[in-house]
*Asks:* 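Can you keep this structure in mind? I'll have questions shortly.
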Amino acid sequence: MINLIGKSIKIFEELNSTNSFVKMNVSNLDSGSIIVARKQTEGRGRRDNKWVSEEGNLYFSVLLKTDIYRDRIFRHIVQSSVSIIKTLNHFNIQAQIKYPNDCLVEGKKISGVLIESLGSSKLDFVIIGIGININQINFNDLKDKATSIKKLIKSNVEVESVLKVFINEYNELLKRNYEEIFGEYLKHSVVINKHIIYKDEEYKIINVEQDGTIIIRNKLIEQRVAYSEISLKEFY
Ligand code: ATP
Ligand code: BTN
């Protein structure tokens, strides 16, 4: 079944977090609905990290209610990350994917994806929260870690136009099979053969599998780790 997104789009001037709003209103929203906030007061990243959410960037959440399974959650990260890469291509920006959920340009983060869900094996809902930095120029404390479309192409871009491109790219990808989309994810991924610290030991990243399992190895051991259990805060 094809779960097209963006039939309903609601834009708010300010929300605490678009993901939190969708979670609170899940029963009143149809599958595929998109909630946008011009700014967020409590934008969130993974593991309760804060997502800086000033006006001028894109902050939105997509609600999925049908055909969703816990063991396929990583597919939503892949589908969203590849859609972001393609969206940025429209603005002449070539980005890379930092497993599992970030898009980088020149090593700086331009976008992040936060997936939240409820349910056991068959899920009640999945919320895909996406932030894309568009017109922000000053990142203060994050100046060495964050970038935006405007910083890269030196011109303002309308927030809605980026959302429109994203929706088209996402819906186009729904026509393709997951293996192909995952192939694109890996092609843009920057982590394979890099080194990370996991539970105080250094490992080399060997591979990422289609369900998001990451394979890491050192002289002593090879480990399979779920994407939800690993942070690539430092990789080199
Ligand atoms: P991980 O490997 O666990 O994903 P991470 O540091 O990338 O580690 P995330 O939860 O993915 O953590 O992202 C949140 C982090 O992103 C924040 O802690 C902050 O460092 C950075 N950040 C916050 N807001 C923005 C933003 N608007 N643009 C770019 N980076 C941001
Ligand atoms: C990350 O890199 O950790 C993910 C960041 C996700 C940020 C987006 S902005 C819209 C949505 N609402 C939130 O509170 N977070 C996501």
Side-chain angles (χ1 to χ4, degrees), residues 5 9-12 14-26 33-64 74 76-77 80-81 83-84 88 93 95-117 126-152 159 162-163 166 189-191 194-199 203 205 208 212 214 216 225-236:
I5 63 161
I9 303 174
K10 291 192 178 71
I11 303 180
F12 293 84
E14 181 180 296
L15 290 175
N16 55 356
S17 147
T18 56
N19 269 35
S20 306
F21 180 89
V22 171
K23 219 180 289 173
M24 294 291 292
N25 293 282
V26 84
S33 297
I34 293 183
I35 296 294
V36 184
R38 296 208 182 277
K39 57 183 170 187
Q40 302 183 115
T41 51
E42 291 166 45
R44 294 183 283 112
R46 294 209 305 163
R47 283 184 274 272
D48 288 332
N49 284 328
K50 190 175 152 37
W51 189 256
V52 170
S53 304
E54 294 190 354
E55 197 158 353
N57 301 325
L58 176 58
Y59 313 105
F60 69 105
S61 299
V62 181
L63 173 65
L64 301 180
F74 187 68
H76 299 291
I77 299 186
S80 303
S81 302
S83 304
I84 293 167
L88 293 169
I93 294 172
Q96 294 177 308
I97 298 170
K98 192 197 94 178
Y99 169 92
N101 64 324
D102 295 325
C103 289
L104 309 179
V105 182
E106 295 157 5
K108 294 182 177 181
K109 206 185 288 194
I110 191 162
S111 176
V113 179
L114 174 67
I115 304 264
E116 296 181 291
S117 62
V126 170
I127 300 168
I128 306 169
I130 297 178
I132 303 180
N133 295 332
I134 301 182
N135 294 310
Q136 188 168 351
I137 286 291
N138 297 314
F139 285 94
N140 307 317
D141 296 351
L142 291 177
K143 71 175 184 323
D144 299 327
K145 288 171 82 175
T147 191
S148 66
I149 295 181
K150 184 170 180 181
K151 269 187 101 94
L152 295 161
V159 172
V162 179
L163 177 62
F166 175 90
S189 173
V190 282
V191 297
K194 297 269 171 38
H195 293 82
I196 54 159
I197 306 293
Y198 175 64
K199 295 190 174 166
Y203 291 87
I205 300 171
V208 176
I214 189 167
I216 56 175
V225 187
Y227 69 92
S228 47
E229 280 166 33
I230 201 157
S231 165
L232 269 57
K233 259 197 172 40
E234 282 174 39
F235 72 103
Y236 43 92

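For ligands, and for the atoms within them, numbers begin at 1 and follow the listed sequence.
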*Asks:* For atom 6 (O) of ligand 1, what's the nearest protein heavy-atom neighbour? Residue, atom name and distance, please.
*Replies:* Lys233 NZ, 3.0 Å
*Asks:* So between Ile230, Asp141, Leu142, whose heavy atom ends up nearest atom 19 (C) of ligand 1?
*Replies:* Leu142
*Asks:* Who's the nearest protein heavy-atom neighbour of atom 11 (C) of ligand 2, and how far?
*Replies:* Thr18 OG1, 3.3 Å
*Asks:* Calculate, to the nearest 0.5 Å, the distance between atoms CG and CD1 belonging to Leu64 and Ile5 respectively.
*Replies:* 7.5 Å
*Asks:* Considering only protein heavy atoms, which is closest to atom 28 (N) of ligand 1, and at what distance to one decimal place?
*Replies:* Asn133 ND2, 2.8 Å
*Asks:* Out of Arg44, Gln40, Glu42, who is nearest to atom 15 (N) of ligand 2 when you count heavy atoms only?
*Replies:* Arg44
*Asks:* Can you tell me which residue and heavy atom of the protein come closest to atom 3 (O) of ligand 2, and the distance to 0.1 Å?
*Replies:* Arg46 N, 2.9 Å
*Asks:* Are the side chain of Ser61 and the backbone of Asn19 linked by a donor-acceptor contact shorter than 3.5 Å?
*Replies:* yes
*Asks:* Tell me if a side-chain donor or acceptor on Tyr59 pairs with a main-chain N or O of Gly129 at a distance below 3.5 Å.
*Replies:* no
*Asks:* Mind checking whether Phe139 has an N or O less than 3.5 Å away from an N or O of ligand 1?
*Replies:* no
*Asks:* So Phe60 and Phe166, would you call those rings parallel, tilted or perpendicular, with 30° and 60° as cut-offs?
*Replies:* perpendicular
*Asks:* What do you reckon, does Lys98 put a non-hydrogen atom under 4.0 Å from ligand 1?
*Replies:* yes
*Asks:* Counting non-hydrogen protein atoms only, what is the nearest one to atom 2 (O) of ligand 1? Give residue, atom name and distance.
*Replies:* Leu232 N, 2.9 Å
*Asks:* Out of all atoms in ligand 2, which are within 4.0 Å of some heavy atom of Gly45? Include the element for each.
*Replies:* 1 (C), 3 (O), 4 (C), 5 (C)
*Asks:* Taking only heavy atoms of Gly112 into account, list the atoms of ligand 2 that are under 4.0 Å away from them.
*Replies:* 2 (O), 4 (C), 5 (C), 6 (C)
*Asks:* Treating Lys151 as the side-chain partner and Ile137 as the backbone partner, does any N or O pair qualify as donor plus acceptor under 3.5 Å?
*Replies:* yes
*Asks:* Tell me which part of Asn57 gets within contact of ligand 1: side chain, backbone, both or neither, using heavy atoms under 4.0 Å.
*Replies:* neither
*Asks:* When you compare ligand 2 with Ser17, is there at least one nitrogen or oxygen pair between them that comes in under 3.5 angstrom?
*Replies:* yes
*Asks:* Would you indicate which of Leu114, Asp48, Ile35, Asn101 comes nearest to atom 1 (C) of ligand 2 when only heavy atoms are counted?
*Replies:* Asn101
*Asks:* Could you list the atoms of ligand 2 found under 4.0 angstrom from a heavy atom of Asn19?
*Replies:* 11 (C), 12 (N)
*Asks:* Any idea which protein heavy atom is nearest atom 26 (C) of ligand 1, and the distance to it?
*Replies:* Trp51 CZ2, 3.5 Å
*Asks:* With distance as the sole test, does Asp102 use its side chain to make a donor-acceptor pair with the main-chain N or O of Ile97 at under 3.5 Å?
*Replies:* no
*Asks:* Taking 4.0 angstrom as the limit and counting only heavy atoms of Gly129, give me the atoms of ligand 2 inside it, by number and element.
*Replies:* 8 (C), 11 (C), 16 (C)
*Asks:* Taking heavy atoms and a distance under 4.0 Å, where does Ile130 meet ligand 2: side chain, backbone, both or neither?
*Replies:* backbone
*Asks:* Could you check whether any side-chain N or O of Gln40 sits under 3.5 Å from a backbone N or O of Glu42, counting only pairs where one atom can act as donor and the other as acceptor?
*Replies:* no
*Asks:* Can you list the ligand 2 atoms lying under 4.0 Å from a non-hydrogen atom of Gly43?
*Replies:* 14 (O)
*Asks:* Indicate yes or no for a side-chain donor-acceptor contact from Asn57 to the backbone of Ile134 under 3.5 Å, with no hydrogens or angles considered.
*Replies:* yes
*Asks:* Check for a donor-acceptor pair, side chain of Thr18 on one end and backbone N or O of Ala37 on the other, with a separation under 3.5 Å.
*Replies:* no
*Asks:* How about CD on Glu106, more than 12 heavy atoms from neighbouring residues, nucleotides or ligands closer than 6.0 Å, or not?
*Replies:* no
*Asks:* Counting distance only, does the side-chain N/O of Thr147 pair as donor-acceptor with the main-chain N or O of Lys109 below 3.5 Å?
*Replies:* no
*Asks:* Tell me, which protein residue and heavy-atom name are nearest atom 20 (O) of ligand 1, and how many Å apart are they?
*Replies:* Lys145 NZ, 3.1 Å
*Asks:* When you measure from atom 2 (O) of ligand 2 to every protein heavy atom, which one gives the shortest distance, and what is it?
*Replies:* Asp102 OD1, 2.8 Å
*Asks:* If we set the cut-off at 4.0 Å for heavy atoms, which region of Val52 has an atom near ligand 1: side chain, backbone, both, or neither?
*Replies:* both
*Asks:* With side chain to side chain contact (heavy atoms under 4.5 Å, CB included) as the test, would you mind laying out the steps for Val159 and Asn135 before giving the verdict?
*Replies:* CA-CA 8 Å; Val159 172; Asn135 294 310; 4.2 Å; yes
*Asks:* Examine the proximity of ligand 2 to Asn49 and report which part, side chain or backbone, both or neither, has a heavy atom under 4.0 Å away.
*Replies:* neither
*Asks:* Check each heavy atom of Leu114 against ligand 1 and say whether those closer than 4.0 Å belong to the side chain, the backbone, both or neither.
*Replies:* neither
*Asks:* What heavy-atom pair brings Tyr99 and Ala226 nearest, and what distance separates the two atoms?
*Replies:* OH-C, 4.1 Å
*Asks:* Can you see which heavy atom on Leu114 is nearest to which on Gly45, and at what distance?
*Replies:* CD1-O, 3.7 Å
*Asks:* Taking the minimum heavy-atom distance to atom 21 (C) of ligand 1, which of Gln40, Lys109, Gln136 ranks first?
*Replies:* Lys109
*Asks:* Walk me through whether Arg46 and Ser231 qualify under side chain to side chain donor-acceptor pair (under 3.5 Å).
*Replies:* CA-CA 9 Å; Arg46 294 209 305 163; Ser231 165; 5.2 Å; no
*Asks:* Could you go through the side chain to side chain contact (heavy atoms under 4.5 Å, CB included) check for Ile197 and Tyr236 one step at a time?
*Replies:* CA-CA 10 Å; Ile197 306 293; Tyr236 43 92; 3.4 Å; yes
*Asks:* Among all protein heavy atoms in this structure, tell me which lies nearest to atom 5 (C) of ligand 2, with the distance rounded to 0.1 Å.
*Replies:* Trp51 CE3, 3.4 Å
*Asks:* Before you tell me yes or no, could you show the steps for Trp51 and Ser17 under side chain to side chain contact (heavy atoms under 4.5 Å, CB included), namely the whole-Å CA-CA distance, both residues' side-chain angles and the distance that decides it to 0.1 Å?
*Replies:* CA-CA 9 Å; Trp51 189 256; Ser17 147; over 6 Å; no
*Asks:* Have a look at ligand 1 and work out which part of Lys50, if any, has a heavy atom under 4.0 Å from it: side chain, backbone, both or neither.
*Replies:* backbone
*Asks:* Rounded to the nearest 0.5 Å, what separates atom CG in Leu88 from atom CD1 in Ile149?
*Replies:* 5.5 Å
*Asks:* I need the atoms of ligand 2 closer than 4.0 Å to a non-hydrogen atom of Val113, numbered in the order shown.
*Replies:* 4 (C)
*Asks:* Tell me: protein heavy atom nearest atom 3 (O) of ligand 1, and distance?
*Replies:* Arg47 NH2, 2.7 Å
*Asks:* Under 4.0 Å from a heavy atom of Asn101: which atoms of ligand 1 are those, numbered in the order shown and with their elements?
*Replies:* 4 (O), 11 (O)
*Asks:* Do ligand 1 and Asn49 have nitrogen or oxygen atoms that lie under 3.5 Å from each other?
*Replies:* yes
*Asks:* Under 4.0 Å from any heavy atom of Ser231, which atoms of ligand 1 are there?
*Replies:* 1 (P), 2 (O), 3 (O), 8 (O)
